[in-house]
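Input: a single structure, listed below in structure tokens.
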Amino acid sequence: MAECRLALLLAIDVSASVDPEEDLLQRGGLAAALLAPEVVEGFLSDPDRPVVLGAFEWSGRFAKEVILSWRRIETAEDLAEAAKAIGGGRRGRDDLPTAIGDALGYGASLFRKGPDCL
């Protein structure tokens, strides 16, 4: 049986095309969305099969960094801690071009190494 019903991986663009204000908007927006009552309810709706959440930032071909390792979200406190890690993070770099293909490939590799979810 799967250990979770959903693995959700968030990717934050930190390429040179994203200015500091946009970076804060991305992180703050994701954190706020995770704390929205409807989202909290969705995360916690099936206690027997939780959602597992992860996040990474990406930019150029060799610039990807996990900012939230796969984390089981079993309580509202778990989700609040994850939102804080995402919203309070600071970008690792801002000097490389956008490389969305590499970001997608990196995300796929994280899913392959991730939890067994439905």
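Count residues from 1 along the sequence.
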Shared hydrophobic cluster, [X] / [Y] (ILVMFWY, side-chain heavy atoms < 4.5 Å):
X	Y	value
Leu24	Ile86	no
Ile67	Ile73	yes
Val52	Leu10	no
Val40	Leu6	yes

Closest approach of [X] to [Y] (non-hydrogen atoms, all atoms of both residues):
X	Y	result
Arg5	Leu118	O-CB, 3.6 Å
Glu3	Pro50	O-CD, 3.8 Å
Leu68	Ala82	CD2-CB, 3.8 Å
Asp95	Ala16	C-CB, 4.2 Å
Glu21	Asp19	N-OD1, 3.0 Å

For this session: State which residues pass side-chain contact (heavy atoms from CB on, under 4.5 Å) with Pro97; sequence neighbours excluded, sorted by chain then number.
Result: none
Exercise. To the nearest 0.5 Å, how far apart are CD1 in Ile100 and OG in Ser59?
Worked result: 11.0 Å
For this session: Measure the shortest side-chain to side-chain distance between Leu79 and Leu53 over non-hydrogen atoms and say whether it is less than 4.5 angstrom.
Result: yes
Exercise. Are any of the side-chain heavy atoms of Phe43 and Leu8 separated by less than 4.5 Å?
Worked result: yes
Problem set entry | Glu57: which of Lys64, Arg27, Arg90 passes salt bridge (Lys or Arg N to Asp or Glu O under 4.0 Å) | Arg27
Problem set entry | Arg91 side chain to Ser15 backbone, donor-acceptor under 3.5 Å | yes
For this session: Give a yes or no on whether the backbone of Asp23 and the side-chain of Gln26 come within a donor-acceptor separation of less than 3.5 Å.
Result: no
For this session: Only counting residues at least two apart or in another chain, list the ones meeting side-chain hydrogen bond (donor to acceptor under 3.5 Å, both in side chains) with Glu77.
Result: Thr75
For this session: Report, as yes or no, whether the 6.0 Å neighbourhood of atom CZ on Arg61 holds more than 12 heavy atoms from other residues, nucleotides or ligands.
Result: no
Exercise. Is the Trp70 ring parallel, tilted or perpendicular to the Phe111 ring (thresholds 30°, 60°)?
Worked result: tilted
Exercise. Can Ile12 and Trp58 be said to form a side chain to side chain contact (heavy atoms under 4.5 Å, CB included), step by step?
Worked result: CA-CA 6 Å; Ile12 299 172; Trp58 63 275; 5.6 Å; no
Side-chain donor/acceptor pairs under 3.5 Å, residues 28-37, sequence neighbours excluded:
none

